[in-house]
Number of protein chains: 2
Amino acid sequence: MNAESLLQQAQLVCQQKGARFTKVREQVFLLLANHHGAVGAYDLLAELKELEAAAKPATIYRALDFLSKQGFVHKIESINAFIMCHHFGECNHPVQLLICDQCGHVEEIQSNNFDLALRTMAETNGFTISHQIVEAHGSCKNCTNV
Amino acid sequence: MNAESLLQQAQLVCQQKGARFTKVREQVFLLLANHHGAVGAYDLLAELKELEAAAKPATIYRALDFLSKQGFVHKIESINAFIMCHHFGECNHPVQLLICDQCGHVEEIQSNNFDLALRTMAETNGFTISHQIVEAHGSCKNCTNV
DNA sequence: TGTCTTTTTGCTATTATATAACAATAAATT
DNA sequence: AATTTATTGTTATATAATAGCAAAAAGACA
Ligand SMILES: [Zn+2]
Ligand SMILES: [Zn+2]
Ligand SMILES: [Zn+2]
Ligand SMILES: [Zn+2]
């Protein structure tokens with residue numbers, strides 16, 4: 001899915017929810033959408049500065065915060081980076097990420113079975129999950145065969 | 001398991017592996033073992049400073065690095081904190097953590113089924129896992145019933 | 001439209017987390 | 001004892017994220 005159609009989809013979601021998809025937020029959204037892999041907040045800020053010279057850390061973190069809340073973007077905790085979600089709309093979906101340590105490629109998986117397994121395991125321990133982080137590091141298809 | 005017996009177990013493991021369990025490393029180990037929940041590196045540093053006034057960030061991070069490599073300690077990526085492992089020995093075991101956002105309690109689960117499910121899912125995508133991060137946030141038994 | 005309220009942004013500073021680089025010690029090896 | 005390797009001390013710096021407050025913009029409503 002290309003950046004433009006992702007943007008349109010996001011605009012639609014915001015319209016339906018009454019969320020304000022402002023200029024900065026759109027700019028950051030597009031920068032993320034045009035990235036193939038994950039990107040750090042300060043790298044993103046550097047890119048944003050080419051469009052808005054006055055941008056500061058708070059600018060990018062606020063935008064990322066908004067985009068995360070809408071479910072457009074996921075934070076990758078283990079590498080302090082952010083990545084565009086390609087299945088947003090079904091908001092708050094559980095996320096499983098496969099992160100290649102060789103090439104940096106990140107694949108987002110959506111396994112409801114897996115989510116259920118985690119929930120069940122938690123319930124066995126009397127624990128109720130509100131948010132889950134599943135990040136697998138290793139070697140992707142391309143990098144393994146090399 | 002109390003701090004002293006954990007320490008003895010760790011000493012044994014180090015002896016078997018020929019790893020040098022130095023003074024600083026033992027001090028940090030004991031500080032962690034006496035913590036019930038997770039603890040941040042700089043909080044730990046503050047505690048260490050009461051024993052070794054000259055301790056610096058590098059001191060604590062080096063010790064944590066050593067302890068992690070031995071499998072004595074796990075880093076919790078989503079909250080930038082560290083926690084003593086209570087099942088070390090079986091080194092490099094997969095870790096699943098249940099983190100209570102109310103009381104801060106962290107429960108370490110060991111589900112081989114879950115590990116297998118994740119590996120299988122990854123393999124389906126041609127991905128080989130070297131290290132996995134599974135951190136579930138939510139409400140623990142005690143905090144849910146309140 | 002004008003007024004009021006809420007949300008968003010701009011801006012400065014600061015906090016929090018983690019590592020680099022290199023010299024000095026200490027321990028292990030020969 | 002001499003040499004090599006691992007660990008520590010020390011200073012500085014890199015990297016990541018938030019606090020606080022005023023200005024501006026947008027939304028709500030008479
Ligand atoms: Zn997603
Ligand atoms: Zn790869
Ligand atoms: Zn463990
Ligand atoms: Zn709790």
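Sequence lines set the chain letters: A, B, ... in the order given, protein chains first and strands last, and positions in each chain run from 1.
- Atom-to-atom distance recorded for A:S130:OG and B:Q102:CD is 8.0 Å, nearest 0.5 angstrom.
- Taking five base pairs at each end of the helix from C:dT1-D:dA30 to C:dT30-D:dA1, the local helix axes there meet at an angle of 40°, rounded to 10°.
- The shortest side-chain heavy-atom distance between B:L44 and B:L64 falls under the 4.5 Å cut-off.
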Report all side-chain donor-acceptor pairs from residues 51-60 of chain B shorter than 3.5 Å, counting only partners two or more places apart or in another chain.
unit_1: B:E52; atom_1: OE2; unit_2: B:K23; atom_2: NZ; d: 3.0
unit_1: B:E52; atom_1: OE2; unit_2: B:Q27; atom_2: NE2; d: 3.2
unit_1: B:K56; atom_1: NZ; unit_2: B:A54; atom_2: O; d: 3.1
unit_1: B:T59; atom_1: OG1; unit_2: B:K56; atom_2: N; d: 2.9
unit_1: B:T59; atom_1: OG1; unit_2: B:K56; atom_2: O; d: 3.0

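- Under 3.5 Å, the side chains of B:S139 and B:T144 contain a donor-acceptor pair of N or O atoms.
- One interatomic measurement links the two molecules: CG of B:N80 to C1' of D:dA16, which rounds to 9 Å at whole-angstrom precision.
- Residues B:L118 and B:L116 are not in side-chain contact: their nearest non-hydrogen atoms beyond the backbone lie 4.5 Å or more apart.
- Classification of the A:F88-A:F72 ring pair by plane angle, with boundaries at 30° and 60°, yields tilted.
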For this session: I would like to know whether B:Q132 and B:D115 meet side-chain hydrogen bond (donor to acceptor under 3.5 Å, both in side chains); could you show each step before the answer?
Result: CA-CA 9 Å; B:Q132 57 183 258; B:D115 174 50; 2.7 Å; yes
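- Side-chain contact annotation: A:D65 with A:S68, donor-acceptor N/O pair under 3.5 Å absent.
- Taking atom CG on A:L64 and atom P on D:dT18, their separation rounds to 10 Å, with Å as the unit.
- Side chains of B:E135 and B:H137: a donor-acceptor N/O pair is absent below 3.5 angstrom, by distance only.
- Rounding to whole angstrom units, OH of residue B:Y61 and P of D:dT15 are separated by 15 Å.
- Put simply, chain A comes within 4.0 Å of DNA chain C, heavy atom to any atom, from C:dT7 to C:dT12, going 5' to 3'.
- Backbone-only engagement by B:K75 is indicated by non-hydrogen atom pairs under 4.0 Å involving sugar-phosphate atoms exclusively.
- Between A:F29 and A:M84, the closest side-chain pair of non-hydrogen atoms falls below 4.5 Å.
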Any N/O pairs under 3.5 Å between the protein and nucleotides 21-29 of chain D? List them or say none.
unit_1: D:dA26; atom_1: O4'; unit_2: A:R20; atom_2: NH2; d: 3.2

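- Summary of the strand contacts: A:A58 and B:F82 both lie near DNA chain C, and taking for each the nucleotide with the nearest heavy atom, the more 5' one is attributed to A:A58.
- In terms of the side-chain hydrogen bond (donor to acceptor under 3.5 Å, both in side chains) criterion, residue partners of A:E26 (sequence neighbours excluded) are, by chain and number, A:Q11.
- A salt bridge between B:K49 and B:E47 is absent, with no side-chain N of the basic residue lying under 4.0 Å from a carboxylate O of the acidic one.
- Note: A:H74 and A:H93 meet the aromatic proximity criterion, with ring centroids under 6.0 Å apart.
- If you check residues 30-56 of chain B against DNA chain C, the residues with a heavy atom closer than 4.0 Å are B:Y42, listed by number.
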